[in-house]
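Data block below; observations after.
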Amino acid sequence: MSSRYNHREVEPKWRERWAAAKIDRALSPDEAKGKKKAYVLEMFPYPSGRIHVGHSRNYTMGDVIARFRRSNGYNVLHPMGWDAFGLPAENAAMERGIHPKGWTYDNIAAMREQLKLLGLAIDWSREIATCDVAYYKHQQAMFLAFWKKGLVYRKKQKVNWDPVDNTVLANEQVVDGKGWRSGAPVETRELEQWMFKVTAYAEDLLAALEKLDKWPDKVRLMQTNWIGKSQGAKIWWDIAEAPDFLPPPAGEVARRADGGEPSSPSVAYGDTSPASGGGKHEPNHARDPIEVYTTRPDTLFGASFLALAPDHPLTKAIAAHNPEVAKFVEQCAQLGTSEADIEKAPKFGVDLGVRVRHPFDPDWILPVWGANFVLSAYGTGAIFGSPAGDQRDLDFANKYKLPFKPVVLPPGADAATYAVTTEAFTDDGTIYNSGFLDGLSTRDAIKAAIAELVKLDKGEATTQWRLRDWGVSRQRYWGCPIPAIHCAKCGVVPVPEKDLPIALPDDVTFDKDKPGNPLDRHPTWKHTTCPQCSGAATRETDTLDTFVDSSWYFARFTDPNNKNAPFDKKLAGYWLPVDQYVGGVEHAVLHLLYARFFTRGMRDCGLLDGPADGEPFRSLFTQGMVVHETYWRIADHDVPIDEIDIDPSGIALWKKNGEQLASSEIVGRPRRYFAAKRWLLPEQTEVKNGVRVEIATGKPVATGAIEKMSKSKKNVVDLDAFVTDFGADVARWFVLSDSPPERDVEWTASGVRGSWSYVQRVWTLMEAHGRAAPKPGDVAPNAANEGDALALRQLAHRAIQSVTDDIEGFRFNVAVARGYEMINAISRLKGDGEGEVFARGEALRILAQLISPFMPHLAEECWETLGMEGFVATAPWPVADPALAARNTVTLPIQVNGKKRAEIEAPKGAAESDIRELALQHETVKPFLEGVTIRKVIVVPDRIVNIVAN
RNA sequence: GCGAGCGUGGCGAAACCGGUAGACGCAGCGGACUUAAAAUCCGUUCGCCGAAAGGCGGUGCGGGUUCAAGUCCCGCCGCUCGCACCA
């Protein structure tokens with residue numbers, strides 16, 4: 001009498017029982033005496049609306065780990081929260097005339113209910129949302145602490161400015177030089193920005209990457225490149241000649257526009273100004289020596305020119321008087337910044353009319369050029385050109401007929417004949433044509449050149465970083481207000497801690513016609529008094545970048561309801577670092593770097609005792625996405641029907657004047673062709689007679705690329721509907737099957753059917769067996785230790801070993817395969833004797849435990865059906881019986897000259913000489929040994945035999 | 001351009017230290033049950049030759065190391081990701 005497994009009743013039942021028993025609650029350190037802790041965390045979601053099955057994969061992976069750890073006796077912290085500030089809420093507000101707060105909290109409520117459907121073992125008592133005042137007031141206090149510590153400063157910085165939306169855009173929000181929402185060309189503006197001094201930890205952030213051995217190499221490499229440490233030298237080139245209009249070498253002239261060290265410390269709060277750059281050659285006045293950065297001071301004798309960035313102060317100073325230079329600067333500004341543009345842009349430049357002296361020879365005069373390929377944002381914005389050793393310098397020198405000579409002799413080349421024409425030699429070699437450096441290796445010459453520069457006071461060794469400080473100002477409403485006050489008399493003043501929180505006002509207006517920051521135009525909120533002089537003052541109306549919110553939330557989870565502090569030092573010390581962090585690789589640099597910075601900052605502000613090394617995430621896993629086919633049809637009105645069509649098999653036909661275009665001709669499709677696509681939800685389509693059609697119209701539908709599930713392409717499967725139809729367990733099982741977790745998995749109807757039928761098979765066997773499963777430790781009857789029963793017992797115990805290793809090693813797809821293997825083996829075992837019943841019951845019990853991290857509801861129902869006590873979720877993880885899991889006989893393949901010819905069964909650990917004889921005497925092997933001489937017999941114990949003969 | 005990763009049946013994949021290539025799933029084919037269908041169950045499925053036993057070939061391409069290579073080394077080709085005129 002088998003009944004169908006009814007997930008609609010079973011799943012909610014167990015979720016209620018788990019909640020009632022509070023099994024997901026993380027224990028306090030005192031309660032958990034004797035247990036090890038495990039902090040398992042998935043990157044918390046942005047509450048964008050509703051979740052779909054694609055979102056579920058990330059949480060399911062974390063949940064498998066969390067449940068697995070709990071079964072293994074750990075005190076598990078597995079929390080959930082909401083990255084709730086951000087632009088989409090304001091956009092929704094503008095489009096629909098609602099409040100960002102209401103929109104956000106509604107979304108959170110909806111998504112919380114959806115996530116709960118998945119049966120995740122989450123301690124919901126620790127839920128946080130970054131837009132709660134209870135959360136961000138601690139963030140404001142932390143901002144003040146960082147400020148006090150010198151990790152916060154203000155600086156004029158170039159930003160992407162959207163002139164239509166009146167706001168700063170992040171680089172990611174600039175697409176092809178245009179604002180992603182407004183479509184308006186983005187302008188560059190200089191704005192006073194709040195900065196976090198990430199560069200203070202550059203050395204440590206880089207060095208500590210080596211210790212993060214449980215992070216993917218790929219992510220560590222990306223951070224290494226992002227931090228971009230480079231060792232070299234600064235060199236000061238004295239001006240020999242300059243145009244008369246340049247001011248004399250005195251007075252205040254700004255240094256290069258966007259340099260390493262920030263400018264004036266305009267903020268009063270203890271020691272707020274970052275350590276100044278310090279050299280005696282600062283600042284770089286128009287007639288002061290030109291500072292150049294190089295990694296190759298060994299090639300100094302090959303120098304033939306200096307080149308400055310278009311926005312180097314000296315270039316700009318000359319452009320103000322020299323029309324030719326002004327034209328050059330303008331041309332550079334007009335060049336696109338996209339990758340393709342840079343690739344294509346030819347090198348060009350202009351002689352600035354300035355001449356400098358070579359540091360090693362005052363009589364050696366070199367020209368100074370402006371050049372488009374020199375970046376103002378890197379190094380000092382000025383280089384010396386050594387054409388024989390740098391391809392860009394060589395191209396430039398060839399174009400403008402600047403002289404050059406090779407100074408590095410490639411290994412093996414002849415100094416008498418070696419020459420450079422169009423290809424520079426950039427590798428290490430032997431220095432020649434270089435005075436006192438002659439004969440040295442590249443390495444030694446770099447040291448010798450720097451020593452000489454220091455002696456002459458013409459330069460010094462230096463380290464250059466690609467990493468920049470983090471600009472956190474956003475001209476936005478829906479974010480954490482920055483706790484600062486602007487006073488005409490006192491300058492920028494921190495809000496006293498007792499006045500926190502600075503809460504966002506609710507009464508703001510969102511008006512499409514009045515873009516910009518609603519805080520800025522709020523009638524009362526921004527007006528306040530100065531905490532120092534009590535005079536009239538205004539609040540800072542910028543809010544913090546939402547990446548700040550997510551830079552410390554993992555610490556808040558350790559003590560989420562603390563009213564007086566962001567968290568208790570002891571609790572944070574107990575739980576941190578996060579033992580397993582799971583998230584998308586798209587956060588490889590920004591979020592993961594900022595969090596590492598923040599942990600160090602919190603430590604140095606005394607908020608955090610451990611981890612002493614400042615690393616928030618011990619182990620990181622970057623998971624793949626759920627992808628799905630996309631479906632679309634032609635829009636009804638946008639395009640003349642003869643220009644685009646869909647053939648009955650779902651292939652798009654692009655036509656022009658009735659002629660069909662080959663796919664190669666469809667490059668650079670006009671924009672309106674894209675507008676012609678109307679994406680369809682999978683459930684709006686069906687396959688009829690092998691053709692996918694729109695259900696409503698019966699018209700054929702085109703099948704587009706297989707892409708990450710996203711609202712915009714509509715290739716999503718709604719979670720609620722899926723859970724109703726198939727159950728959460730099927731979704732969880734499916735997203736972990738088939739593909740390795742780090743790779744994408746394609747959601748397919750047939751794959752879902754496979755998972756569904758697996759659930760049914762498990763249930764059918766469980767129910768048929770009933771309440772007769774042996775408990776762990778029950779002694780097996782003799783009959784269970786022979787024949788097929790024994791084979792099943794061995795398989796089950798080996799599965800314990802395998803699944804345990806697979807979960808530990810993030811091979812969930814392999815663990816899933818073991819689940820299939822087990823159910824196949826269990827259903828193959830026939831007979832109802834004492835031995836079979838025992839073996840079957842034991843295997844089913846083990847199966848219920850092994851699948852419980854993956855399909856917790858089904859496992860729980862099975863556990864109860866088998867007559868087991870308590871929750872399978874909290875039952876100890878099964879331990880394999882070594883006697884059963886071990887193999888006492890092994891199958892050895894016998895190869896002759898590397899080709900498999902036979903197999904033999906042999907006892908495990910059998911003597912090599914015995915195996916050798918068995919192999920040589922084997923009936924099917926013998927024919928291959930006739931007429932040849934046996935050269936060698938290789939016996940790898942318990943693995944293989946290979947007979948070498950010829 | 002630089003850097004990293006990947007390339008295995010019709011498809012998703014497995015093979016952890018070099019040791020029986022293709023576990024497991026999907027799709028396909030054959031069968032059972034059924035009036036029929038769905039569901040379920042059983043068998044089968046890398047290619048070629050063969051009635052079978054068995055043989056030959058096979059992990060992007062070309063070489064190499066080894067008794068033995070999907071796995072290690074060298075050189076190509078292709079795809080994906082990251083960075084990009086970084087001095």
Side-chain angles (χ1 to χ4, degrees), chain A residues 2 4 216-226 228-230 232-233 235 292-297 299 307 309 338-339 342-343 345-347 371-375 377-386 389-393 395-396 426 464-466 585-586 588-589 733-734 737-740 742-746 748-758 760-761 764 802 805-806 809 811 813-824 827-828 891-903 924 927 935-950:
Chain A
S2 75
R4 220 122 199 263
D217 288 344
K218 182 181 167 186
V219 173
R220 292 197 284 172
L221 186 69
M222 281 164 74
Q223 293 213 355
T224 302
N225 292 339
W226 186 265
K229 181 179 183 175
S230 129
I235 302 172
V292 157
Y293 173 74
T294 181
T295 56
R296 294 295 301 274
T299 63
S338 77
E339 292 172 17
I342 290 169
E343 189 77 35
K347 295 188 176 22
N372 66 328
F373 67 92
V374 180
L375 304 175
Y378 186 80
T380 62
I383 63 158
F384 77 82
S386 191
D390 185 290
Q391 194 58 48
R392 292 156 303 175
D393 297 350
D395 294 345
F396 194 76
T426 55
Q464 197 64 45
W465 303 88
R466 189 181 169 280
V585 74
E586 67 273 19
V589 176
W733 188 252
F734 176 73
S737 64
D738 283 357
S739 278
E742 66 275 15
R743 231 180 278 178
D744 291 347
V745 65
E746 188 189 347
T748 60
S750 56
V752 167
R753 269 199 301 279
S755 296
W756 164 259
S757 75
Y758 181 72
Q760 300 303 330
R761 288 179 72 194
T764 305
S802 167
D805 292 348
D806 292 338
R811 289 182 297 271
N813 55 326
V814 183
V816 165
R818 298 288 168 246
Y820 280 103
E821 234 165 38
M822 274 189 85
I823 206 72
N824 289 342
S827 61
R828 255 196 298 272
T891 308
L892 293 178
I894 301 169
Q895 298 180 333
V896 178
N897 291 329
K899 276 194 202 313
K900 183 186 148 195
R901 295 302 177 186
E903 283 179 355
T924 52
R935 303 284 175 196
K936 210 178 190 181
V937 179
I938 291 142
V939 179
V940 183
D942 298 336
R943 294 227 82 140
I944 202 167
V945 179
N946 193 6
I947 301 165
V948 187
N950 58 24

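Closest to the A:S739 side chain, of the nucleotides B:C83, B:G12, B:A14, is B:G12. Comparing B:A68, B:G82, B:C85 by their nearest atom to the side chain of A:N946 picks out B:A68. Checked against B:C85, B:U20, B:G19, the side chain of A:E903 finds its nearest nucleotide in B:U20. Here the side chain of A:P740 is nearest to one of B:A15, B:A14, B:A87, namely B:A14. Out of B:G19, B:C85, B:A87, the shortest distance to the side chain of A:I944 is found at B:G19.
Screening A:L892, A:V945, A:T891, A:T924 for a side chain to side chain contact (heavy atoms under 4.5 Å, CB included) with A:E903, the sole residue that qualifies is A:T891. For the side chain to side chain contact (heavy atoms under 4.5 Å, CB included) with A:I383, the qualifying choice from A:I235, A:D393, A:D390 is A:D393, the only one to do so.
The partner of B:C72, taking Watson-Crick or G-U wobble pairs whose two distances both stay under 3.5 Å, is B:G64. The nucleotide B:G1 finds its pairing partner in B:C83, both defining distances of the Watson-Crick or G-U wobble pair being shorter than 3.5 Å. Checking B:G7 for Watson-Crick or G-U wobble geometry (two distances, each under 3.5 Å) identifies B:C77 as its partner.
For the C1' atoms, the distance from B:G64 to B:G10 is 34 Å, rounded to whole Å. Nucleotides B:U20 and B:U71, compared at atom P, are 14 Å apart to the nearest Å. The same atom, C1', is picked in B:U34 and in B:A23; the two are 34 Å apart, to the nearest Å. Atom name P, nucleotides B:C61 and B:A38: the rounded distance is 41 Å, in whole Å. Distance noted for atom P between B:A87 and B:C17: 36 Å (whole Å). For the P atoms, the distance linking B:G54 with B:G22 amounts to 16 Å, nearest Å. Spacing of C1' atoms, B:G70 relative to B:G60, comes out at 12 Å, to the nearest Å. Separating the P atom of B:C72 from that of B:G7 is a span of 10 Å, rounded to the nearest Å.
Here the side chains of A:N897 and A:V948 are in contact, with some heavy-atom distance below 4.5 Å. Contact check for A:I944 versus A:Q895: side-chain heavy atoms found under the 4.5 Å cut-off. In this structure, A:K936 and A:N946 have side chains that are not in contact, with every pair of non-hydrogen atoms separated by 4.5 Å or more. Counting heavy atoms from C-beta on, the side chains of A:T295 and A:Y293 come closer than 4.5 Å.
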Identify each donor-acceptor pair in which a side-chain atom of residues 813-822 of chain A lies under 3.5 Å from a protein atom, sequence neighbours left out, and give them as a table.
unit_1	atom_1	unit_2	atom_2	d
A:R818	NE	A:S802	OG	2.7
A:R818	NH1	A:E821	OE1	3.2
A:R818	NH1	A:E821	OE2	3.4
A:Y820	OH	A:W733	NE1	3.4

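Atom CZ of A:F373 is separated from atom NZ of A:K347 by 6.5 Å, given to the nearest 0.5 angstrom.
Between A:F384 and A:S802, the residue anchored closer to the 5' end of RNA chain B is A:S802, taking for each the nucleotide with the nearest heavy atom. Residues A:D806 and A:V374 each lie close to RNA chain B; by heavy-atom proximity, the contact nearer the 5' end of the strand is made by A:D806.
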Fill in: Contact letters for nucleotides 22-31 of chain B, in which S counts primed atoms plus P, OP1 and OP2 and B counts the base, heavy atoms under 4.0 Å
-BSSSS----
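Taking atom CZ of residue A:R220 and atom C1' of nucleotide B:C81, one finds them 18 Å apart after rounding to whole Å. B:G82 atom C1' lies 8 Å from atom CG of A:L221, rounded to whole Å. Here B:C86 presents its P atom at 9 Å from OH of A:Y378, a figure rounded to the nearest Å. Straight-line distance from the CD atom of A:Q391 to the P atom of B:C86: 11 Å, rounded to whole Å.
Under 4.0 angstrom from either OP1 or OP2 of B:G5 there lies no side-chain N or O belonging to A:R743. Remark: A:Y293 is not in phosphate contact with B:C86, judged by side-chain N or O atoms under 4.0 Å from OP1 or OP2. Between A:R943 and B:C17 there is no side-chain polar atom (N or O) within less than 4.0 angstrom of OP1 or OP2.
Across all strands, A:E746 comes closer than 4.0 Å to no nucleic acid atom at all (heavy-atom distances).
In this model, a donor atom of one side chain and an acceptor atom of the other lie less than 3.5 Å apart for A:R761 and A:N824.
The base of B:C81 is not paired with the side chain of A:K218 by any donor and acceptor separated by under 3.5 Å.
For A:D217 and A:R220, the salt-bridge test passes: some basic side-chain N is under 4.0 Å from an acidic carboxylate O.
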Might you list the N or O atoms of the protein lying below 3.5 Å from N or O atoms in nucleotides 49-60 of chain B, with each pair's distance?
unit_1	atom_1	unit_2	atom_2	d
B:C56	OP1	A:R901	NH2	3.4
B:C56	OP2	A:R901	NH1	3.1
B:G57	OP2	A:K899	NZ	3.3

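The glycosidic torsion of B:C61 lies more than 90° away from 0, placing the base in the anti range. Base orientation for B:G9: syn, the chi torsion being within 90° of 0.
A donor-acceptor contact shorter than 3.5 Å is absent between the side chain of A:T299 and the backbone of A:G389. When atom types are taken as modelled, the side chain of A:S739 and the backbone of A:D744 share a donor-acceptor pair closer than 3.5 angstrom.
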